[in-house]
Amino acid sequence: MSTTSQIWISIGIMFIITFSLRALPLFERNKLLSSEKLRTINQSLPLCIMVILALHSLLTPAMTESIGIRFIALIFVIKSYWLWGNTLLSITTGIALITILKLTT
Amino acid sequence: MAKLRKIFKISFPVGIGYLPTSLAFGMLATQAGLSLPVTLSMSVFIFAGALQFAAVPLLMSGANLITIAATTLVINMRHIIYAIPLLKILPDNNISRYYMIGALTDENYSILNSVSANDCKEIGHWICLINHSYWILGTLIGASLGPEILNFIPDIDFALTSLFTILAIDNYRKNKNNSPIAIGIATYLAAFYIYPAQALIISIISSIVLMSLLSNKSSLEEAK
């Protein structure tokens with residue numbers, strides 16, 4: 001186990017690297033802004049990244065044992081949010097559906 | 001008052017996803033043995049869900065600083081592109097601008113790309129701050145409640161999958177473009193099959209390359 005000071009230094013390192021990665025485009029501003037292609041890509045990128053992150057959190061190795069059930073719940077979340085647009089309803093019923101399906105299978 | 005209502009309305013979907021996820025983080029971190037101040041500081045200063053979850057076992061096992069730095073770099077590498085579409089619409093005030101950049105999580109990136117340029121410039125930092133507050137509040141509640149509650153809601157982590165999916169739907173409704181979905185699914189599944197441990201970063205880089213090639217092709221067709 002790390003000592004208390006090691007833990008605080010580690011948190012400091014994680015903060016500095018994360019902030020630097022997020023802030024890097026600020027220091028490359030002109031070069032990046034002049035790229036028309038980059039701006040075109042950026043219009044589609046948020047959707048692409050959200051799809052990748054959803055898949056990544058769905059397929060995390062520790063979760064693969066109940067992948068079928070989680071996939072069914074995900075379909076339900078997509079359908080319910082598409083129809084009603086209610087975030088709270090979709091998330092809570094998605095989690096509840098997994099619990100019910102696990103109990104009944 | 002109308003402005004405040006608007007900020008809360010925009011940040012609400014993320015808050016609904018953040019609360020259970022950060023609750024789970026708070027529980028897991030304190031269960032692993034991290035103190036409340038350390039757990040809270042991670043949510044205040046790092047504010048990056050995947051990294052925070054990954055950091056718990058590293059901190060508890062006494063991982064060296066190079067491992068910590070390398071893990072941070074690999075997990076958060078994707079954040080390097082998040083500020084690019086926002087560069088022209090960042091707040092004028094320096095504190096607001098740097099705070100907004102520092103708070104560019106996956107979810108804030110998605111939300112800020114779905115609001116108007118004017119809203120992003122005027123209230124973008126407040127949206128990030130409210131979302132950050134949800135994250136800190138969830139961590140505090142989770143760390144205070146303890147891990148026992150996970151026995152009652154074992155699949156609470158599914159909130160994050162649902163949140164990413166909901167943000168994808170919101171993005172899709174804005175542009176109605178199918179190709180980013182197809183590219184995202186194809187690159188992630190290919191990366192997951194070939195090298196599952198680094199599937200996330202590989203698929204993001206592959207997607208950018210693929211989109212770049214496709215935009216080249218469409219530019220050439222337009223030129224003809």
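Chain A is the first sequence line, chain B the second, and so forth, proteins listed ahead of strands; every chain is numbered from 1. Keep in mind that the numbers below use all heavy atoms, side chains included, and drop hydrogens, waters and symmetry copies.
Among all heavy-atom pairs drawn from A:S57 and B:L160, the shortest one is OG-C, 4.4 Å. The two residues B:I166 and A:T87 make their nearest non-hydrogen contact at CD1-CG2, 3.9 Å. A:S10 and B:L59 make their closest contact through CB-CD2, 3.4 Å (heavy atoms, listed as atom of the first residue, atom of the second, distance). Taking every heavy atom of both residues into account, B:Y98 and A:F19 meet most closely at O-CE1, 3.5 Å. In terms of heavy atoms, A:T18 sits closest to B:L51 at OG1-CD2, 3.7 Å. Among all heavy-atom pairs drawn from A:I52 and B:S203, the shortest one is CG2-OG, 3.4 Å.
Both the backbone and the side chain of A:L55 come within contact range of chain B, judged by heavy atoms closer than 4.5 Å. Of the atoms belonging to B:A50, not a single heavy atom falls under 4.5 Å from chain A. Looking at B:T67, neither its backbone nor its side chain comes within 4.5 Å of chain A, counting heavy atoms on both sides. When heavy atoms are compared at a cutoff of 4.5 Å, B:N113 approaches chain A solely by way of its side chain, counted from C-beta outward.
The CG atom of B:L65 sits 6.5 Å away from the CD atom of A:Q6 when rounded to the nearest 0.5 Å. Here the straight-line distance linking atom OG of B:S179 with atom CG of A:L47 works out to 8.5 Å at 0.5 Å rounding. With values rounded to the nearest 0.5 angstrom, A:W8 atom CH2 is found 3.5 Å from B:S41 atom OG. Summarising the geometry, atom CE belonging to B:M211 is positioned 5.0 Å from atom OG belonging to A:S44; distances are rounded to the nearest 0.5 Å. For the atom pair CE (A:M14) and CD1 (B:I46), the distance works out to 4.0 Å, reported to the nearest 0.5 Å.
The side-chain heavy atoms of A:I91 and B:F158, taken from C-beta on, include no pair separated by under 4.5 Å. Counting heavy atoms from C-beta on, the side chains of B:D155 and A:R70 come closer than 4.5 Å. Put simply, the side chain of B:Y188 does not reach to within 4.5 Å of the side chain of A:V51, judged on heavy atoms. Within the 4.5 Å cutoff, the side chain of B:L73 has heavy atoms near those of the A:L21 side chain.
Dense packing is recorded around CG of A:L83, with more than 12 heavy atoms of other residues, nucleotides or ligands lying under 6.0 Å away. Counting non-hydrogen atoms of neighbouring residues, nucleotides and ligands closer than 6.0 angstrom, the CD1 atom of B:I95 reaches no more than 12 such neighbours.
For the options A:I13, A:I49, A:I16, A:L45, heavy-atom pairs under 4.5 Å to chain B are most numerous at A:L45. Ranked by non-hydrogen atom pairs under 4.5 Å with chain A, the options B:T105, B:T187, B:L163 are led by B:T105. Heavy-atom pairs under 4.5 Å with chain A were tallied for B:T71, B:N177, B:L189, B:D170; the largest tally goes to B:D170. Here B:I101 is the residue among B:L167, B:I185, B:I81, B:I101 with the most heavy-atom pairs under 4.5 Å with chain A. Residue with the most contacts toward chain B among A:A96, A:A73, A:S90, A:G85: A:A73 (heavy-atom pairs, distance under 4.5 Å).
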**Prompt:** Can A:I17 and B:N76 be said to form a side chain to side chain contact (heavy atoms under 4.5 Å, CB included), step by step?
**Reply:** CA-CA 9 Å; A:I17 294 176; B:N76 284 347; over 6 Å; no

**Message:** Run the side chain to side chain contact (heavy atoms under 4.5 Å, CB included) test on B:H79 and A:L24 for me, step by step, so that the C-alpha distance in whole Å, both residues' side-chain angles and the decisive distance to 0.1 Å come before the verdict.
**Reply:** CA-CA 9 Å; B:H79 292 190; A:L24 198 67; over 6 Å; no

**Message:** Would A:L53 and B:R78 count as a side chain to side chain contact (heavy atoms under 4.5 Å, CB included) here? Give the steps.
**Reply:** CA-CA 11 Å; A:L53 288 169; B:R78 65 185 185 280; 3.8 Å; yes

**Request:** Please assess B:Y82 against A:R22 for the test side chain to side chain contact (heavy atoms under 4.5 Å, CB included), listing each intermediate value before the final yes or no.
**Result:** CA-CA 7 Å; B:Y82 286 2; A:R22 289 171 178 168; 6.0 Å; no

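Distance alone, capped at 3.5 Å, is enough to place a donor-acceptor pair between the B:R173 side chain and the A:W82 backbone.
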